[in-house]
Number of protein chains: 2
Amino acid sequence: MEDKLQLLRQHFEEIVSLTDEEWNFVKSHFEFKSLKKHQFLIQVGQPVDFEYWIIKGLVKAYSIDEKGKEHILQFAMEDYWVSDHCAFQHQEPGTIFVDCLEDSEFFCLSLENREKICFEVPAVANFFRIKSNHGYINLQQRILSLLTMTAESRYEYLLNKLPKLIQRVPKKLIASYLGVSRETLSRFNS
Amino acid sequence: MEDKLQLLRQHFEEIVSLTDEEWNFVKSHFEFKSLKKHQFLIQVGQPVDFEYWIIKGLVKAYSIDEKGKEHILQFAMEDYWVSDHCAFQHQEPGTIFVDCLEDSEFFCLSLENREKICFEVPAVANFFRIKSNHGYINLQQRILSLLTMTAESRYEYLLNKLPKLIQRVPKKLIASYLGVSRETLSRFNS
DNA sequence: CTTGAAAAGTGATTTAGGTCACTTTTAGCT
DNA sequence: AGCTAAAAGTGACCTAAATCACTTTTCAAG
């Protein structure tokens with residue numbers, strides 16, 4: 001477990017510095033969790049008690065519309081954070097599903113603990129501030145891509161940006177992430 | 001000016017508490033700026049020296065595609081923050097335009113000053129962390145709406161969520177925000 | 001008030017992408 | 001290795017929304 005916590009520490013220290021003392025305080029606020037492929041991290045209607053840092057594995061966050069169609073909000077793998085941020089923040093029942101596309105391991109942080117370490121250790125507040133800012137920027141770019149680009153160029157763009165992801169994820173899920181039908185995506189390669 | 005700074009302080013104190021001493025330190029890092037309708041706050045290719053808190057007025061943030069079509073990333077009015085966050089964060093030339101739909105006033109915060117007050121005053125780091133988190137949640141919901149809803153229901157949703165905005169902004173801009181053509185939007189009301 | 005420009009509405013046509021139905025390929029399991 | 005199920009590919013057809021061209025309405029500035 002220490003080696004896994006060490007990865008998390010490195011993740012923090014890519015952005016801010018922590019003393020050993022601070023880190024020992026911080027790390028005590030995380031819980032470990034491990035799930036197999038197809039198991040759920042978050043489900044619609046269930047409490048969302050944590051946000052998750054992914055030690056290893058791959059998950060998808062998605063919602064299901066009235067017609068039963070899946071719409072993928074996010075893929076998240078090693079070194080990513082994932083949750084139903086909205087439900088988590090407001091401590092409300094989940095509004096999306098998150099499940100594992102591969103066997104995965106997580107460090108779990110509750111809202112209470114997050115606020116605790118943020119207000120206790122300013123560097124942690126800055127860490128999450130900067131992380132959250134990067135996330136915001138990424139989402140803005142995704143919105144722009146949805147507004148300005150055709151389905152095909154969004155696909156090319158993703159191929160460039162996250163080539164690794166494409167290899168780990170079935171194309172029908174990529175299609176659902178891009179907002180395009182499986183069949184249409186399949187006609188792009190050609 | 002003091003009354004305007006007081007509004008900004010209230011904006012911070014909706015989320016975190018600041019001592020008078022902290023506030024005096026924080027406020028000294030903002031600059032005031034005033035623009036008329038149609039003037040630009042940010043332009044593609046120009047340096048993005050600040051992020052802006054809007055004291056009063058209304059702006060649109062948008063990009064222009066190869067065909068000259070405008071795609072609106074965000075409307076921002078009183079009490080909102082706006083910038084080209086991506087360019088600002090990386091201190092690169094602007095990638096979007098931001099201009100005023102009404103005469104507007106801003107408090108401007110440079111990257112250097114933002115980092116300074118965040119690392120000097122932990123409450124400020126927490127303020128921006130929490131704000132940024134809210135922003136992230138909003139963008140996630142917008143992405144979901146783009147993936148799951150038809151143009152028409154996105155419009156109805158916006159009518160509900162920001163009725164004030166619709167009254168202040170020409171419909172063709174609303175169309176461009178929703179990712180739909182002006183003509184199509186015009187056929188919805190009926 | 002008047003007038004010119006921007007905004008909004010509307011019909012006709014086109015098109016990107018969706019849907020449906022079916023086949024082929026690939027990948028896990030025992 | 002063999003079998004099942006999921007994934008991917010493909011053709012035919014359909015539809016929501018884009019585009020183009022034009023008219024009507026609204027609004028702001030002299």
Side-chain angles (χ1 to χ4, degrees), chain A residues 35-39 57-60 62 64-72 75 97 99-104 144-159 163 165-190, chain B residues 36-39 57-60 62-72 75 97 99-104 143 145-159 163 165-190:
Chain A
L35 289 179
K36 297 275 172 208
K37 191 169 169 172
H38 295 133
Q39 290 188 308
L58 177 60
V59 305
K60 64 177 202 277
Y62 58 103
I64 302 217
D65 67 22
E66 326 79 62
K67 287 166 203 149
K69 211 170 121 185
E70 193 175 296
H71 301 272
I72 295 187
F75 292 110
F97 296 94
D99 68 25
C100 299
L101 297 173
E102 303 174 0
D103 296 352
S104 305
L144 265 188
S145 81
L146 286 167
L147 291 178
T148 64
M149 299 163 87
T150 64
E152 185 157 14
S153 48
R154 288 203 296 280
Y155 182 50
E156 282 162 15
Y157 177 73
L158 189 67
L159 277 175
L165 185 74
I166 314 277
Q167 281 147 23
R168 285 168 78 175
V169 171
K171 290 237 179 74
K172 67 165 186 174
L173 295 184
I174 301 291
S176 148
Y177 175 86
L178 292 172
V180 81
S181 74
R182 184 185 75 65
E183 295 91 332
T184 299
L185 186 76
S186 159
R187 286 181 241 261
F188 287 161
N189 292 345
S190 52
Chain B
K36 296 279 172 208
K37 190 170 170 172
H38 295 132
Q39 290 187 307
L58 176 60
V59 305
K60 64 176 200 280
Y62 58 102
S63 83
I64 301 216
D65 67 21
E66 326 77 64
K67 287 167 203 149
K69 212 170 120 184
E70 192 174 299
H71 303 272
I72 295 187
F75 292 109
F97 296 95
D99 68 26
C100 299
L101 297 173
E102 303 174 0
D103 296 352
S104 305
I143 287 172
S145 81
L146 286 168
L147 291 177
T148 65
M149 299 163 86
T150 65
E152 184 156 15
S153 47
R154 287 204 297 280
Y155 182 51
E156 282 162 16
Y157 177 75
L158 189 68
L159 277 175
L165 183 74
I166 313 276
Q167 281 148 24
R168 285 167 78 173
V169 170
K171 290 238 178 74
K172 67 164 187 174
L173 296 184
I174 301 290
S176 148
Y177 175 85
L178 293 171
V180 82
S181 75
R182 184 185 75 66
E183 294 91 331
T184 299
L185 186 78
S186 158
R187 287 181 242 260
F188 287 160
N189 292 344
S190 51

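This structure is a prediction, so every number in the text was calculated from the model and none was measured. What's counted below: heavy atoms across the whole structure, side chains too, no hydrogens, waters or symmetry copies.
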Any donor and acceptor pair, going by atom type alone, linking the side chain of B/Asp103 with main-chain N or O of B/Lys37 inside 3.5 Å?
yes
For the residue pair A/Arg168 and A/Gly57, what are the closest heavy atoms and their distance?
NH2-O, 3.3 Å
Expressed in angstrom and rounded to an integer, what is the separation of A/Leu173 atom CG from D/dA6 atom P?
13 Å
Could you state the atom-to-atom distance from CD of A/Glu70 to C1' of D/dA6 in whole Å?
14 Å
Whole-Å distance separating the OH atom of B/Tyr155 from the P atom of D/dA17:
15 Å
Nucleotide by nucleotide, 5' to 3', does protein get under 4.0 Å of the base (B), only the sugar-phosphate (S), or neither (-) in nucleotides 17-23 of chain C, counting heavy atoms?
SBBB---
Nucleotide C/dG28, atom C1' - distance to CG of A/Asp103 in whole Å:
13 Å
In whole angstroms, how far is the P atom of D/dT26 from the NZ atom of B/Lys171?
11 Å
So CD1 of B/Ile64 and OG1 of A/Thr148: to nearest 0.5 Å the spacing works out to 12.0 Å
Rounding to a whole Å, what distance do you find between A/Ile166:CD1 and D/dA8:P?
11 Å
One should read off an interatomic distance between A/Leu58 CG and A/Leu165 CG, to the nearest 0.5 angstrom, of 6.5 Å
When the C1' atoms of the five terminal pairs at each end define the local axes, what inter-axis angle does the helix from C/dC1-D/dG30 to C/dT30-D/dA1 show, to 10 degrees?
60°
Over 60° means perpendicular and under 30° means parallel, so classify the ring planes of B/Tyr155 and B/Phe188, tilted if in between.
tilted
Atom-to-atom span, CD of A/Glu102 to C1' of C/dA27 - whole angstrom
14 Å
Pairwise distance CD(B/Glu70) to CG(B/Leu173) - rounded to 0.5 angstrom
6.0 Å
Can you name the nearest heavy-atom pair linking B/Tyr62 to B/Asp99, along with the distance?
OH-OD2, 2.8 Å
Between atom CD1 of B/Ile166 and atom CG of B/Leu158, what is the distance when rounded to the nearest 0.5 Å?
4.0 Å
Can you tell me how far P of C/dA5 sits from NE2 of B/His38, to the nearest Å?
15 Å
Does A/His71 form a side-chain contact (heavy atoms from CB on, under 4.5 Å) with A/Asp65? I'd like the steps, not just the answer.
CA-CA 8 Å; A/His71 301 272; A/Asp65 67 22; 2.7 Å; yes
Establish, with yes or no, whether the OP1 or OP2 oxygen of C/dA7 is under 4.0 angstrom from a side-chain nitrogen or oxygen of B/Lys172.
yes
